[in-house]
Amino acid sequence: MRKYLIAGNWKMNLDRAASVQLADALAALYPAAGETEIAVCPPSVYLDAVRQAVRGSGVKLGAQNMYHLGPGAFTGELCSDMLLDIGCRYVILGHSERRSLMGETDAMVNEKTHAALAAGLIPIVCVGESLEQREAGQTGDVVRSQFEHSLAGLDESQMAGLVIAYEPVWAIGTGKVATPEQAEEVHADLRNLLATRYNSGLAEQVQILYGGSVKSDNASELLSQANVDGALVGGASLKADSFQGIIQAASQIAVN
Ligand code: 13P
């Protein structure tokens, strides 16, 4: 049985005090690991402060990006060793904001994915179509192509060590959420790809998260879809109560 993973992507939000306050609140709510896996991905400068707040609790730490090489002369970048050193378990890779604003390509995401896995981090690799692509009926092709290229050259055990996040770009930060049917269609497609490229055992194992305007009031219906194994949450992860609502929705489905 796949566990749910609810991961908060804080993006470039909060200051140090607010990060620690939020992390403290979450650590108090989830003092030990439970049925639902929980992670927070703060801005990199606050990773250490957040780590101290969540240390020993059920809340795991993730970074929002990393470079595929290093340590070495790569000004402004962070490498896998540094993320491990600071206590990260996860790293988000290929988020659509990095793809569209920072020019990250599938090839770059692929290099980072290989590097993260080699270091023992769990990459959360993001895929998703733009509004134009969806309206042009290209969703399936776009997501399949991102899957093929961003995850190229991974063997079965590497694939078993990562998480995929489907984040339709048009649903990110817009308040527009994919319908449960739209999300499930892509998630099922991704799981079929895993089964075809690898095998059905592996396909059943890999967590596929949905991201894009997940809130406590829509989490339940999204997370009840057969192939939705959690959420990558932006805005609603910035407040303990709304993030908690999403975690509760997952936990309720898991026990039923
Ligand atoms: P929102 O939940 O704010 O739409 O952001 C989703 C996202 O991009 C998570 O990575």
Does S213 use its side chain to pair, donor to acceptor, with the backbone of V177 at less than 3.5 Å? no
Do V91 and I122 pass the side chain to side chain contact (heavy atoms under 4.5 Å, CB included) test, and can you show the C-alpha distance, the side-chain angles, and the key distance before you say yes or no? CA-CA 6 Å; V91 57; I122 302 173; over 6 Å; no
Would you confirm whether N9, through its side chain, and V233, through its main-chain N or O, come within 3.5 Å as a donor-acceptor pair? no
Please determine which of L190, N192, D189 meets the side chain to side chain contact (heavy atoms under 4.5 Å, CB included) test together with R144. D189
So, taking the atom named CG in L162 and the one named CG in L154, what distance separates them when rounded to the nearest 0.5 Å? 6.5 Å
Please tell me whether F147 and L202 are part of a single hydrophobic cluster in this structure, the criterion being side-chain heavy atoms less than 4.5 Å apart. yes
Looking only at the side chains, is there a donor atom on one of N227 and E184 sitting less than 3.5 Å from an acceptor on the other? yes
Main-chain N/O of S130 paired to Q133 side chain as donor or acceptor, under 3.5 Å: yes
How far does CD1 of I246 sit from OG of S216, to the nearest 0.5 angstrom? 6.0 Å
We want to know whether E129 and W170 form a side-chain donor-acceptor pair, criterion being a heavy-atom distance below 3.5 angstrom. yes
May I have the list of side-chain donor-acceptor pairs in residues 19-39 shorter than 3.5 Å, sequence neighbours left out?
unit_1, atom_1, unit_2, atom_2, d
S19, OG, D15, O, 2.9
T36, OG1, S251, OG, 2.9
E37, OE1, Q207, NE2, 3.0

Exam field: side chain S242 to backbone A236, donor-acceptor pair closer than 3.5 Å: yes
If we count only N and O atoms by modelled type, under 3.5 Å, do the side chains of E148 and S145 hold a donor and an acceptor together? no
Between P42 and G62, which heavy-atom pair has the shortest distance, and what is it? CD-O, 3.4 Å
Check whether Q64 reaches the backbone of C41 with its side chain - one donor and one acceptor, N or O, closer than 3.5 Å. yes
Donor-acceptor under 3.5 Å (D141 side chain, Q138 main chain): no
Supply the atom-to-atom distance E185 CD to T139 OG1, rounded to the nearest 0.5 angstrom. 8.0 Å
Assess whether atom CD of Q248 is packed by more than 12 heavy atoms of other residues, nucleotides or ligands within 6.0 Å. yes
Once ring-ring contact (aromatic ring centres under 6.0 Å, His included) is applied, what residue pairs with a partner in residues 183-209 remain, sequence neighbours excluded? Y166-H187
Keeping Q225 on the side-chain end and E221 on the backbone end, is there a donor-acceptor pair under 3.5 Å? yes
With a 4.5 Å heavy-atom cut-off, do L117 and P123 have their side chains touching? yes
Hydrophobic clustering (ILVMFWY, side-chain heavy atoms < 4.5 Å, transitive) - are I164 and L222 grouped together? yes
Hey, does the side chain of R99 reach the backbone of G94 with a donor-acceptor pair shorter than 3.5 angstrom? yes
Between L14 and Y46, the two heavy atoms sitting closest are O-CE1, 3.5 Å
Candidate pair V40 and S237, rule side chain to side chain contact (heavy atoms under 4.5 Å, CB included), full reasoning: CA-CA 8 Å; V40 292; S237 72; over 6 Å; no
More than 12 heavy atoms of other groups within 6.0 Å of R2 CZ: yes
Do the side chains of Q205 and M159 get nearer than 4.5 Å, heavy atoms only? no
Assess, by modelled atom type and distance only, whether the side chains of N110 and S150 contain a donor and an acceptor separated by less than 3.5 Å. no
Hydrophobic cluster membership, with links at side-chain heavy-atom distances under 4.5 Å among I/L/V/M/F/W/Y: are I124 and Y4 in one? no
Could you give the distance from CG (L232) to CG (L209), rounded to the nearest 0.5 Å? 6.0 Å
So which atom in A119 and which in L84 form the shortest heavy-atom distance, rounded to 0.1 Å? O-CD1, 3.1 Å
Quick one, V163 with V206, criterion side chain to side chain contact (heavy atoms under 4.5 Å, CB included). Give me CA distance, side-chain angles, the key distance, then yes/no. CA-CA 6 Å; V163 175; V206 177; over 6 Å; no
I'd like to know if V214 and Y90 are part of one continuous hydrophobic network [Ile/Leu/Val/Met/Phe/Trp/Tyr, side-chain heavy atoms within less than 4.5 Å]. no
Any donor and acceptor pair, going by atom type alone, linking the side chain of K112 with main-chain N or O of M66 inside 3.5 Å? yes
Could you grab the distance from atom CG of L69 to atom CZ of F74, nearest 0.5 Å is fine? 4.5 Å
How long is the gap from CG on L47 to CE on M82, to the nearest 0.5 Å? 12.5 Å
In terms of heavy-atom contacts, G87 and L61 come closest through O-CB, 3.7 Å
Is there a side chain to side chain contact (heavy atoms under 4.5 Å, CB included) between R98 and N65? Walk through the geometry before answering. CA-CA 9 Å; R98 297 209 56 84; N65 180 36; 3.2 Å; yes
Going through the distances and angles, do D229 and R191 end up as a salt bridge (charged side-chain N to carboxylate O under 4.0 Å, His left out)? CA-CA 11 Å; D229 310 316; R191 203 168 308 280; 2.7 Å; yes
Between Q158 and D155, is there a donor-acceptor pair closer than 3.5 Å when you use the side chain of the first and the backbone of the second? yes
What are the two closest non-hydrogen atoms of A178 and A171, and how far apart are they? N-CB, 4.3 Å
I'd like to know if D85 and R51 make a salt bridge, using a cut-off of under 4.0 Å between side-chain N and carboxylate O. no
Can you check whether S80 reaches Y67 side chain to side chain, under 4.5 Å on heavy atoms? no
Answer yes or no: is there a side-chain heavy-atom contact under 4.5 Å between L93 and C126? no
Which of M102, E104, K11 passes side chain to side chain contact (heavy atoms under 4.5 Å, CB included) with H95? It is K11
Should L78 and V109 be regarded as members of a common hydrophobic cluster, given that ILVMFWY residues are connected when their side-chain heavy atoms come within less than 4.5 Å of each other, either directly or indirectly? yes
Considering all heavy atoms, the nearest P71-D81 contact: CD-OD2, 3.7 Å
